[in-house]
Amino acid sequence: MSSLPEGYSYGPWHDGPDPLAPPVDLRAAMDEIGQDVLGGASPRSALEEVLRRGTRDTAGLDELTRRIWQRRSEIQRRHNLDGTLAEVRRLLDEALEAERRELFPDPADDARFREAELDALPSGTASAVRELAEYEWRSGQGRENYERIQELLGKELLESRFQGMKDALENAGPEDVERINQMLADLNVLLNAHAQGFDDIGERFAEFMRRHGEFFPENPKTVDELIDVLAARSAAAQRMLNSMTQEQRDELAALSQQAFGDSRLAQQLSTLDQQLRSLRPGEDWSSSGRFRGNEPLGLGEGAQAMADLAELDALAEQLGQSYPGARLEDIDLEALERQLGDEAGVDARRLSELERELRAQGLFERAPDGSLRLSPKALRRLGETALKDVVEALRGKAGERETESAGAAGEPTGSSRPWRFGDMQPWEVSRTVRNAVLRTASADGTAVRLDVSDVEVTEIEHRSRAAVALLVDTSWSMVAEGRWLPMKRTALALHQLVTTRFRTDALQLITFGRHAVPVDLAELVGLDGTWEQGTNAHHALLLAGRHLRRHPDAQPVVLMVTDGEPTAHLEPDGSAHFEYPPAPRTIHRTVAELDRLAKLGAAFTVFRLGDESRLNAFVDLLARRSGGRVVAPDLDGLGAAVVDDYLRTRRR
């Protein structure tokens, strides 16, 4: 039996999403979206809310954003920016102390003179370092510390502009410093040529990278990519300086002249910063941050902290998804994992997958105006839920829509029954002859004769067709009083009933606020509540009449859901006139339009939401004029009341 091959190891999966992770739960997510939509949210806001909340196994955008702000706060709360200055001061103090210890035993006048020089040093760190540039150290430790100061300043200055440079210069010698100075000089020449628009900038860039590419681990492919990388880091360094006190900035400016003991480095970096600011003015060069912690950061670490803060701000904007055209694919997953760890990247990928799959499954579609709305597939699912709730509310009520006999205009059911006196249905010939044959078959030689008992007629059902107009009030009071959700549920339930069980009926949904508008179900479900004064029942009744006249062969039914008396009417020029309290002509035109519907024989029902005396008086007037009725359901019973009234009217 062969043994297993050696050299295998097991560990967590780091190469992208876990291939063994369970798929996203689309059904649960769609149920949540449906609940939010039925709760009055638009489809877009419902989808965004699910992504913000996340799922049972995945952190949402809100949680990721909270971690982003927590991480940002920790950086500023934990650190301060005087690390380089503090380290230079420490090295300088140790150098001076070591030098004094070396001079103290020496009785010579030269030792006393040197002590006097040290005592006369300025109190400022930068001034003292500058004064000691030509000092001949007696102490080995003092000389070493002073050289470390010069080396530290050079490394920190370069690290603040070139990420990773500090580690690369760990054991740098004079020749390395010279190479860096040459690189900076060539870089400034290249950027100047680019700014002037030289035609051979591509060749210049290629030659520069051939000579100095080792200093740029980002491996930029063009001069513009190189500028982008350098400008982002330089801007972070400038923001770090902006975050310091003026005294700290002055100290650093003076100390930078001592970097590597060569003032050329500071001059080249200053020229580089000026060119980058000119080439990339859109970078953030002016903001600052407040650091109030106890852990000091050097110049390079401070620049990295400012870069991290900028990256965190960008991630917060991406996670907020508040800009036009925002998609979860916009999130920089590498930056997110850098700041919050691999787990945050996995959560963001799963949210992006959830959004992508919800769209791919056809649950959302783009409206003609570019907005997001629920697809017919999603609407059917929501409609089933709404109708199920209504059926539960209606359970136990008697009455069926279909009747066994309703005249010659009915449709065959596919079965037959014995004829009864008065039946006008056509004979079912084959069944009638069969009955006669079976009845006379036992009599030998007897001819087949029909008897009235043999006759069967075709069983038919009356399937009358209705033209239904559901008018729903969308004025602001419907939103303010919590009636928006029941209105949408009612429309969903009625639409589902008509499209699944009464498919020959013609249903028209009409919304009315300042104006009335015919809408399809997707538009109504996705409708956001807006501040709009006016209840234009006149316009709604006018559109209802237009719908009924398009179906003259159908039984006309008008159902109106409203919580206010009419305060607007349509003028001949198409404009809406609003007035509160209602103007007499608004009432007159509304009632006149209702009279026209009554002449069509329309069954009219008003579902009154609210209990104001003026509203009660008005809807009672409408009911008397039209021979209709008024129903005053509570909000939870609105859907059941509308569906029940529709079925009652159809049975009648």
Side-chain angles (χ1 to χ4, degrees), residues 80-161 165-185 237 241 244-271 296-302:
N80 61 62
L81 297 178
D82 62 354
T84 298
L85 290 174
E87 181 64 10
V88 170
R89 186 75 245 183
R90 184 187 68 81
L91 291 172
L92 179 61
D93 289 343
E94 289 180 358
L96 294 176
E97 183 180 355
E99 184 70 6
R100 285 191 172 95
R101 285 198 307 268
E102 185 72 21
L103 294 173
F104 180 75
D106 188 353
D109 292 340
D110 180 65
R112 304 290 78 77
F113 177 77
R114 289 176 180 274
E115 286 177 339
E117 278 190 279
L118 297 182
D119 291 339
L121 287 174
S123 59
T125 303
S127 301
V129 171
R130 183 174 61 250
E131 290 290 330
L132 291 169
E134 303 299 330
Y135 182 80
E136 294 183 5
W137 296 86
R138 290 257 195 108
S139 165
Q141 182 182 354
R143 185 185 309 106
E144 180 183 349
N145 273 28
Y146 190 79
E147 291 173 354
R148 286 175 60 189
I149 288 174
Q150 293 179 320
E151 181 181 350
L152 172 67
L153 291 170
K155 288 181 178 180
E156 291 289 354
L157 282 174
L158 288 171
E159 178 72 12
S160 67
R161 283 12 178 243
M165 187 71 79
K166 186 176 180 179
D167 294 335
L169 296 175
E170 186 61 34
N171 298 307
E175 64 279 0
D176 296 312
V177 174
E178 187 59 36
R179 286 176 51 243
I180 289 172
N181 274 318
Q182 186 60 53
M183 181 272 291
L184 290 173
L241 293 175
M244 295 179 176
T245 65
Q246 184 61 49
E247 181 182 0
Q248 289 174 324
R249 287 195 292 270
D250 293 342
E251 285 281 295
L252 284 173
L255 283 171
S256 65
Q257 300 299 318
Q258 303 301 318
F260 291 128
D262 188 343
S263 61
R264 290 180 301 167
L265 178 66
Q267 295 169 1
Q268 294 285 8
L269 288 176
S270 176
T271 302
L297 296 177
L299 295 182
E301 295 169 329

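A pairwise comparison of heavy atoms in Ser139 and Gly142 identifies OG-N, 3.1 Å as the closest pair.
For Glu94, the salt bridge (Lys or Arg N to Asp or Glu O under 4.0 Å) partners two or more places apart in sequence, or in a different chain, are Arg90. For Ser256, the side-chain contact (heavy atoms from CB on, under 4.5 Å) partners are Leu157, Ala266, not counting sequence neighbours. Residues passing the side-chain hydrogen bond (donor to acceptor under 3.5 Å, both in side chains) test with Gln246, sequence neighbours excluded: Arg249, Asp250. For Glu97, the salt bridge (Lys or Arg N to Asp or Glu O under 4.0 Å) criterion is met by Arg101, not counting sequence neighbours. Contacts of Glu156 classified as salt bridge (Lys or Arg N to Asp or Glu O under 4.0 Å), with partners at least two apart in sequence or in another chain: Lys166. With sequence neighbours excluded, the residues forming a side-chain contact (heavy atoms from CB on, under 4.5 Å) with Asp110 are Arg114, Arg138, listed by chain and number. Residues passing the side-chain contact (heavy atoms from CB on, under 4.5 Å) test with Glu247 are Thr245, sequence neighbours excluded. With sequence neighbours left out, the side-chain hydrogen bond (donor to acceptor under 3.5 Å, both in side chains) criterion links Gln268 to Asn188. For Asp82, there are no salt bridge (Lys or Arg N to Asp or Glu O under 4.0 Å) partners at least two apart in sequence or on another chain. Partners of Arg112 by side-chain contact (heavy atoms from CB on, under 4.5 Å), not counting sequence neighbours, listed by chain and number: Glu115.
Each of Leu92, Leu152, Leu153 was checked for a side-chain contact (heavy atoms from CB on, under 4.5 Å) with Glu87, and the lone residue meeting it is Leu152.
Interatomic distance, CE of Met183 versus CG of Asp176, reported as 12.0 Å (0.5 Å rounding). Note that the CD atom of Glu175 and the CD1 atom of Ile180 stand 10.5 Å from one another [nearest 0.5 Å]. A distance of 10.0 Å separates CD in Gln141 from CG in Leu91, rounded to the nearest 0.5 Å. To the nearest 0.5 angstrom, Met244 atom CE is 6.5 Å from Leu85 atom CG. The OG1 atom of Thr84 lies 7.5 Å from the CD atom of Glu301; values are rounded to the nearest 0.5 Å. Rounding to the nearest 0.5 angstrom, the gap separating the CD atom in Gln150 from the NZ atom in Lys155 is 13.0 Å.
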Item to check | Trace of the side-chain contact (heavy atoms from CB on, under 4.5 Å) decision for Arg130 with Gln258 | outcome: CA-CA 7 Å; Arg130 183 174 61 250; Gln258 303 301 318; 3.9 Å; yes

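Counting only residues at least two apart or in different chains, ring pair (Phe, Tyr, Trp, His ring centres under 6.0 Å) contacts with residues 117-140 comprise Tyr135-Trp137, Trp137-Tyr146.
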Quick one: side chains of residues 119-129, donor-acceptor pairs under 3.5 Å with protein atoms, not counting sequence neighbours, listed by atom name and distance.
unit_1	atom_1	unit_2	atom_2	d
Asp119	OD1	Arg100	NH2	3.1
Thr125	OG1	Arg89	NH1	3.1

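Counting only heavy atoms from C-beta outward, the side chains of Leu132 and Ile149 never approach each other to under 4.5 Å. Between Thr271 and Leu184 there is no side-chain heavy-atom pair separated by less than 4.5 Å. Side-chain contact between Arg161 and Leu269 is present, with heavy atoms from C-beta onward closer than 4.5 Å.
Remark: Glu147 does not engage Arg143 in a salt bridge, criterion side-chain N to carboxylate O under 4.0 Å.
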